[in-house]
Amino acid sequence: MKRNALSLLIAASLLVAAPGLALAQSAAKATAPAVSTQGSPSKLVLDNSQRILSTLESRRAEFTRNRAALRQFVMTEFNNIFDRDYAARQVLGRHGRGASDADIKTFADALADGLMQRYGSSLLDFNTQLRVRVTAETPLPRGLGVKVSSELLRSGGDAIPVDYLLRQSGGQWKVFDVMVEGVSFVQTFRQQFDGELQRKSIPQVAAELRSGQLQAAPTDRNKK
């Protein structure tokens, strides 16, 4: 995985789209999305990203001084838009079959907290002078939800594809996977934790995540 893809993958998973933080910028510049977003999951991504960007910019000085406040803000947004338990089941894969809801929640909470501790503060350094264009919204197979496809547009650089997979949960659209340059949040962490879960129970792996003995930091084997 290229280094920029790994960084964007983690950030996008934390905030629906850390690259999507720039959606507000693109809207301000009257950059129309490539698809209609009226009342759609695409609009949900756009609206949440606009609010997140506005808050980060207005509270940047506070968040720089008080990282606990930043973590609380990001975690609240993460909980509002991300279907943590469903995503955790996807990350666990075969290891999650037959697991109790309590074990799934324990793992989901530990993974989210681990990502927050390791990557949350880096969002203050994210370049918001980028633009995002929504290119498509398509149904997933077997009625599992929808995929919102977008492109991260960089000045003088190639566009980076960023896709969001969403499903209905509790009457709301929730994100359960993010893909940057074809690299999936779910697949990345499924591969990382597979070996541990072959030897240990879900609560044991969750406990090691919480203690820091195991970190949510996939190996960037092909970084450049």
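- Applying the side-chain hydrogen bond (donor to acceptor under 3.5 Å, both in side chains) rule to T76 yields the partners Q72; only residues at least two apart in sequence or on another chain are considered.
- I202 approaches D103 most closely through the heavy-atom pair CG2-O, 3.5 Å.
- Here A68 pairs with N66, R71 under the side-chain contact (heavy atoms from CB on, under 4.5 Å) rule; sequence neighbours left out.
- In this structure, T135 contributes its side chain and S149 its backbone to a donor-acceptor pair below 3.5 Å.
- Partners of K200 by salt bridge (charged side-chain N to carboxylate O under 4.0 Å, His left out), not counting sequence neighbours, listed by chain and number: E196, E208.
- When all heavy atoms of D177 and V186 are compared, the closest pair comes out as OD1-N, 3.0 Å.
- Residue L197 holds its CG atom at 6.0 Å from CZ of F107, rounded to the nearest 0.5 Å.
- Contact annotation: the side chain of P161 approaches that of E181 to within less than 4.5 Å [non-hydrogen atoms, C-beta and beyond].
- Annotation for T188 and S184: closest pair OG1-O, 2.7 Å, computed over non-hydrogen atoms.
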Listed pairs under 3.5 Å, donor-acceptor, residues 87-96 side chains, sequence neighbours left out:
residue : atom : partner : partner atom : Å
R89     : NH2  : D101    : OD1          : 2.9
R94     : NH2  : D194    : OD1          : 3.3
H95     : NE2  : D194    : OD1          : 2.8

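- Taking E62 as the reference, R59 meet the side-chain hydrogen bond (donor to acceptor under 3.5 Å, both in side chains) condition, with sequence neighbours excluded.
- With sequence neighbours excluded, the residues satisfying side-chain contact (heavy atoms from CB on, under 4.5 Å) with L140 are L144, K147, L165, F176.
- Listed by chain and residue number, nothing satisfies the salt bridge (charged side-chain N to carboxylate O under 4.0 Å, His left out) test with R190 (two or more places apart in sequence, or in another chain).
- Contact annotation: the side chain of W173 never approaches that of Y164 to less than 4.5 Å [non-hydrogen atoms, C-beta and beyond].
- To the nearest 0.5 Å, the span separating CG on L209 from OG1 on T106 amounts to 11.5 Å.
- Sorted by first and then second residue, the pairs that involve residues 159-174 and meet salt bridge (charged side-chain N to carboxylate O under 4.0 Å, His left out), not counting sequence neighbours, are D83-R167.
- With R210 contributing its side chain and A206 its backbone, the two residues share no donor-acceptor pair below 3.5 Å.
- Taking the side-chain hydrogen bond (donor to acceptor under 3.5 Å, both in side chains) definition, one finds that D109 meets it with R84, K105, sequence neighbours left out.
- V175 has its side chain out of reach of F185: every pair of non-hydrogen atoms, C-beta onward, lies at least 4.5 Å apart.
- With sequence neighbours excluded, the residues forming a side-chain hydrogen bond (donor to acceptor under 3.5 Å, both in side chains) with Q204 are S201, listed by chain and number.
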